[in-house]
Amino acid sequence: MNKRIITLSLMGLLTLGTLTGCSDVKAEKVTTDGQTKEVIVKVGDKNYTADDLFAEYSGTTSGASAYYNAIYDVLIREAQPITTTITNAVNSRIDDFTEKAKEQASNNSTTYKTELSALLEDEGVNNLKELREIYTLDEQKKVYEDKYYDDNMDSLKLEYLATKTPYHVSHILVKTDNAGSSLYKGTITAAEATKISSVINSLIDDKFTFGQVAKENSEDNSGEDSSASYFGDLGIMDQDTSFVSEFKYNVFAYDAYLNDSENIKPRVAGETIEQELNLDKEFNFNYDGASTNTVSVEDALSSVNEIPYKVVDYLSTLTEETPKVNGNVKTYEDANGNVKDVDDSVYPRNIIFNTYFNDHGISVITNEGYTEDSTKFKEFPRLSSKPILTDGNNNPILVTRAGSSYQGIHFITINKSPFDGNDKDMLAYYSTENIPSTSTDVSNDKRFITAVASNNSTYTERAKKVKDAVKGFDPYLNYRIYEDLVAESNVEIKEEVKSLISKYINSQRAQTAYTNEASTTATLKSFVQLLQLQDAEKAAKQVTFKDINNSKQKLFDNIPDWLLA
């Protein structure tokens with residue numbers, strides 16, 4: 001008998017027999033020290049009673065896990081009847097299994113029996129009857145767990161909102177493939193400079209929505225499910241979403257420190273991002289491996305870099321890949337008398353890039369220098385003293401530069417925040433499968449950036465994604481099912497077994513919570529350190545227009561005077 005069958009027999013008989021008190025379970029009995037006990041399983045010449053098994057299994061995590069899994073199976077078997085739907089699903093799986101054996105027999109020039117035996121061994125069972133039992137239990141679990149999620153979805157949504165802070169976000173990505181990882185000396189091509197300025201000008205233009213600009217310009221466009229194909233819509237982003245730190249933590253920081261909306265209600269997990277992410281207000285780290293520095297999370301995350309429109313306008317004129325240098329010079333003398341090489345990093349487009357766009361924190365685009373009319377510049381005093389660019393729905397467009405993965409400039413808009421007091425249950429809003437009845441209603445439906453949905457499929461897909469996020473936010477949601485079943489079921493379980501499983505469940509939850517918190521804290525600390533290092537390196541090493549056009553030399557023509565100040 002292989003290991004899986006031993007476990008099934010041992011634990012299944014243990015729970016069905018001694019622990020549940022089922023009268024129809026018959027077993028051999030042995031007498032030890034004057035006490036008669038049922039033999040649960042016999043392996044070789046050794047008889048195992050319930051007490052023997054408990055003593056052997058209760059001392060290890062794997063043993064406690066085995067008890068939990070076995071009793072969970074028993075509870076599911078009792079709670080979920082075998083319906084026609086379940087039987088049909090099992091029959092289909094058995095048919096697929098036997099067809100696979102026939103196919104392999106044909107391909108390998110062997111017999112059906114040989115291939116079937118090998119496949120059964122891979123599944124850890126001896127025959128199709130045992131496989132059917134496993135498949136039946138699997139289907140019972142699926143049906144019961146799905147029903148549990150559906151019955152408890154409202155309360156689970158509220159808990160998910162409170163603990164994972166989901167946002168509905170969209171973005172436009174302009175790649176800067178050659179910018180590298182330098183925090184002060186990155187370089188971009190003339191084409192990339194043109195693309196950045198072009199995207200910003202399109203976002204300002206009242207003729208285009210944020211989604212339309214994303215659809216036409218975003219370079220997050222690989223595959224049918226890319227955000228560009230969904231008009232920039234990224235769907236739901238929460239604390240567990242594996243977006244780059246620049247994207248995720250800047251969104252959190254904006255909402256925690258910088259959002260001036262009157263509709264923001266008290267934060268569920270506290271009033272600051274430190275409390276939201278279980279962080280201290282300050283933490284220490286070793287800078288350059290030498291001295292210890294104290295970093296304020298708020299100071300690192302709540303500052304905003306301003307990008308005046310006139311910078312964008314000037315950037316659009318820098319179309320030469322290799323701009324002409326005045327004279328035949330290869331070096332220049334900066335304002336401090338240091339001799340520097342004339343290389344790509346001192347090209348005007350790269351001075352612009354490093355000064356204004358090569359920033360891993362939050363930036364906004366102001367209307368300074370914009371002389372036309374646009375309804376998209378709005379006042380957000382917490383972000384800037386000047387009107388800033390929004391997506392047309394009064395949502396500020398946040399700009400950040402990400403390195404390594406998804407390298408480039410991200411233009412981010414928050415379509416809906418979990419702390420928006422206008423909608424107490426944002427997930428109910430986004431998970432509906434109902435669509436507007438007319439094309440006008442569709443275009444005004446703010447749930448989707450596409451605004452072009454013509455049937456239920458898009459809404460059904462979103463509803464499924466939201467439901468999956470809610471179902472998956474607690475990796476041990478099955479423990480809740482177990483606890484509810486134990487409380488409601490007629491199954492009798494020994495107190496020492498229930499206590500063992502309870503301790504096991506609590507330890508698993510605590511360990512996961514600790515691991516997740518430590519991981520989140522470490523990632524955020526790393527990001528804050530990046531912002532601190534960025535500010536330090538820019539202040540000490542970044543070349544400015546003043547450096548390359550000082551009183552002793554003038555390297556480039558036609559640089560606006562305001563950039564030389």
Side-chain angles (χ1 to χ4, degrees), residues 171-172 174 176 184 186 188 190 192-210 213 217 250 253-254 257-261 302-319 347-401 408-414 531 534-535 538-539 542-549 556-565:
H171 85 141
I172 297 168
V174 177
T176 54
Y184 68 95
I188 58 175
E192 289 168 345
T194 299
K195 182 70 176 286
I196 292 170
S197 61
S198 175
V199 166
I200 294 173
N201 278 304
S202 295
L203 287 171
I204 294 172
D205 196 326
D206 284 331
K207 295 195 300 291
F208 305 115
T209 66
F210 185 95
V213 178
N217 296 279
N250 279 329
Y254 159 78
Y257 295 129
L258 302 166
N259 194 329
D260 66 345
S261 171
S302 63
S303 59
V304 178
N305 176 46
E306 294 185 359
I307 306 173
Y309 175 75
K310 56 187 178 181
V311 166
V312 178
D313 189 40
Y314 176 58
L315 187 63
S316 67
T317 68
L318 304 176
T319 57
Y347 291 169
R349 66 170 179 270
N350 291 320
I351 300 294
I352 290 285
F353 173 72
N354 287 304
T355 304
Y356 295 97
F357 291 96
N358 189 9
D359 194 303
H360 295 262
I362 298 175
S363 298
V364 293
I365 299 162
T366 75
N367 70 340
E368 184 180 354
Y370 189 74
T371 58
E372 306 296 328
D373 292 326
S374 174
T375 63
K376 294 183 180 177
F377 284 105
K378 303 287 186 180
E379 292 187 358
F380 281 82
R382 294 289 297 279
L383 298 177
S384 172
S385 60
K386 308 176 185 66
I388 66 172
L389 181 61
T390 68
D391 63 356
N393 293 317
N394 210 38
N395 301 314
I397 295 177
L398 308 178
V399 185
T400 191
R401 186 270 169 107
I409 308 301
H410 293 260
F411 300 88
I412 306 167
T413 181
I414 302 171
L531 298 183
Q534 167 186 274
D535 292 345
K538 282 193 172 190
Q542 184 170 299
V543 177
T544 67
F545 279 110
K546 186 175 181 180
D547 289 329
I548 65 169
N549 285 273
F556 301 100
D557 288 326
N558 303 319
I559 296 176
D561 290 340
W562 54 269
L563 281 172
L564 302 176

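Throughout, numbering of the chain's residues begins at 1 and tracks the sequence. Keep in mind it's a predicted model, so treat the numbers as computed, not measured.
- One finds the CZ atom of Arg349 at 11.5 Å from the OG1 atom of Thr317 (value rounded to the nearest 0.5 Å).
- For the side-chain contact (heavy atoms from CB on, under 4.5 Å) with Phe357, the qualifying choice from Thr176, Ile188, Ile307, Thr400 is Ile307, the only one to do so.
- Pairing each heavy atom of Asn250 with each of Leu398, the nearest pair is O-CD1, 4.4 Å.
- In this structure, CG in Leu563 is found 9.5 Å from CD1 in Ile548, a value given to the nearest 0.5 Å.
- Annotation: the span from Phe545 atom CZ to Ile352 atom CD1 amounts to 4.0 Å, rounded to 0.5 Å.
- Distance check, rounded to the nearest 0.5 Å: CG of Asn395 to CD1 of Ile412 gives 12.5 Å.
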For this session: Could you give me the CA-CA distance, side-chain angles and deciding distance for Lys546 and Leu564, then say whether side chain to side chain contact (heavy atoms under 4.5 Å, CB included) is met?
Result: CA-CA 5 Å; Lys546 186 175 181 180; Leu564 302 176; 5.8 Å; no
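- The main-chain N or O of Lys207 is found under 3.5 Å from a side-chain atom of Asp205 such that the two form a donor-acceptor pair.
- A donor-acceptor contact shorter than 3.5 Å is absent between the side chain of Ser198 and the backbone of Thr194.
- The closest donor-acceptor contact from the side chain of Lys376 to the backbone of Asp206 lies at 3.5 Å or more, if one exists at all.
- Contact detail for Asp359 and Gln534: the closest heavy-atom pair is OD1-NE2, 3.2 Å.
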For this session: Determine, stepwise, if the pair Phe210 / Ile172 fulfils side chain to side chain contact (heavy atoms under 4.5 Å, CB included).
Result: CA-CA 9 Å; Phe210 185 95; Ile172 297 168; 3.8 Å; yes
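- For the pair Lys378 and Pro387, the minimum side-chain heavy-atom distance is 4.5 Å or more.
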Residues 363-372 side chain polar contacts: donor-acceptor under 3.5 Å, at least two apart:
| residue | atom | partner | partner atom | Å |
| --- | --- | --- | --- | --- |
| Ser363 | OG | Asn305 | ND2 | 3.1 |
| Thr366 | OG1 | Glu368 | N | 3.4 |
| Glu368 | OE2 | Lys310 | NZ | 3.0 |

Exercise. Step by step, would you call Val312 with Tyr356 a side chain to side chain contact (heavy atoms under 4.5 Å, CB included)?
Worked result: CA-CA 10 Å; Val312 178; Tyr356 295 97; over 6 Å; no
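- Rounding to the nearest 0.5 Å places CD1 of Ile362 at 9.0 Å from OH of Tyr254.
- Taking every heavy atom of both residues into account, Tyr314 and Pro348 meet most closely at OH-CB, 3.8 Å.
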Exercise. Between Phe377 and Ile204, is a side chain to side chain contact (heavy atoms under 4.5 Å, CB included) present by the stated rule, with each step listed?
Worked result: CA-CA 8 Å; Phe377 284 105; Ile204 294 172; 3.8 Å; yes
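- Of the N and O atoms on the side chains of Thr544 and Asp547, at least one donor lies less than 3.5 Å from an acceptor on the other residue.
- For Asp373, the CG atom sits in a loose shell: 12 or fewer heavy atoms of surrounding residues, nucleotides or ligands are nearer than 6.0 Å.
- At a threshold of 4.5 Å between non-hydrogen side-chain atoms, the residues Lys195 and Asn217 count as touching.
- Side-chain contact between Phe411 and Leu389 is absent, with no heavy atoms from C-beta onward closer than 4.5 Å.
- The structure places CG of Asp535 at 11.0 Å from NE2 of His360, a figure rounded to the nearest 0.5 Å.
- With sequence neighbours left out, the side-chain contact (heavy atoms from CB on, under 4.5 Å) criterion links Asn354 to Asn350, Asn358, Gln542.
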